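Remember, it's 1-based here, ligands and their atoms both numbered in the order they're listed. Source: prediction; values computed, not measured. Count residues from 1 along the sequence.
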Amino acid sequence: MKLTFLGTSCMTPTKERNHSAVLLTYEGDGILIDCGEGTQRQLKIAGLKTTVVNKILISHWHGDHVLGLPGLVQTLGTSEYTKTLRIYGPKGTKEHFNYFAKAFDFDLRIAVEVHDITQPLFFQNNEYELHALPLDHAIPTLGFRFMEKDRRNIDLAKIKAIGMPEGPLLGKLQTNHPVLWRGKTIQPDDVSTIKKGKVIAYVVDTLPCKNAVALAKDADLLIAESSYLSNLEEKAEQYKHMTAKQAAQIAHEAGVKKLVLTHFSQRYKAIDEIREEASAIFPQVVCAEDFLQITKF
Ligand SMILES: [Zn+2]
Ligand SMILES: [Zn+2]
């Protein structure tokens, strides 16, 4: 599991910070969360192929979160891309996608599925679930929650001790089923332990709200916007953004393990003050830079 921050600016990109985008790579999936202008080039600079992306989650349709979408989709169309690109976003996402396909006289060339998210659990497979909840921003905006499923780790020493061969019986135990072995019932808990799945929450472009806390509840990592410092709280409220302090309060209230701040206003050249303001409330905080990678959760 790896997170790569591809853009950490607010509305206006700077020399150091690109528009919003984060890539989560997990078990062969490349889940891109938001796709600000220049995201495809940021992927290349990070040493990643654009073709790793097979899902794009759009938080909302403000330009700083989506202007990179046409470019990325066009490039995938000229690449050896055999996957289906699945795009998920708030109500209206399908319509927006069709508009830009028209605006740029697009030759799509790749398989694309576009989904308006209508329920909190909008995707799941054997490995993980993706959830979304509405946030409080100027236009329909979603926050996201990635939940890795719990797994059973089989203790091979215990398996060896009871003389069980590797094969279908282990598969059954792994999927929580007891098995009969040499006249005895073996429970999954006898020979394995549960490894808790990791949780990552993404809460940007919002005022503090209940759903922000719900998305972040007990997460291993919360990615939250911190457009302003507290001395500009009124401005934050006017534009429906959060301050560093408010983001830290959400992390604290939700009981997350680690907070990563992003989406900084271009007025902050040095980010120390933002970190200091947040860490007074929630010490386990990091301010993201473009190309920051996180592999330990
Ligand atoms: Zn934004
Ligand atoms: Zn916005």
(message) What I want to find out is whether D116 reaches K94 closely enough, with some N-O distance under 4.0 Å, to be called a salt bridge.
(response) no
Requested in this report: Kindly say whether the aromatic ring centers of F282 and H252 come within a distance under 6.0 Å.
Outcome: no
### Hydrophobic cluster identity match, I200 and Y202, side-chain contacts under 4.5 Å
yes
The expected count of protein N/O/S atoms at less than 2.8 Å from the Zn ion (ligand 2) is 4
Practice item. May I ask you to say whether D218 pairs ionically with K196, meaning some side-chain N is under 4.0 Å from a carboxylate O? Key: no
Checking the side chain of D290 only, and the main-chain atoms of N18 only, is there a donor and an acceptor separated by less than 3.5 Å? yes
Quick one: does any side-chain atom of E225 pair with a main-chain N or O of D205 as donor and acceptor, under 3.5 Å? yes
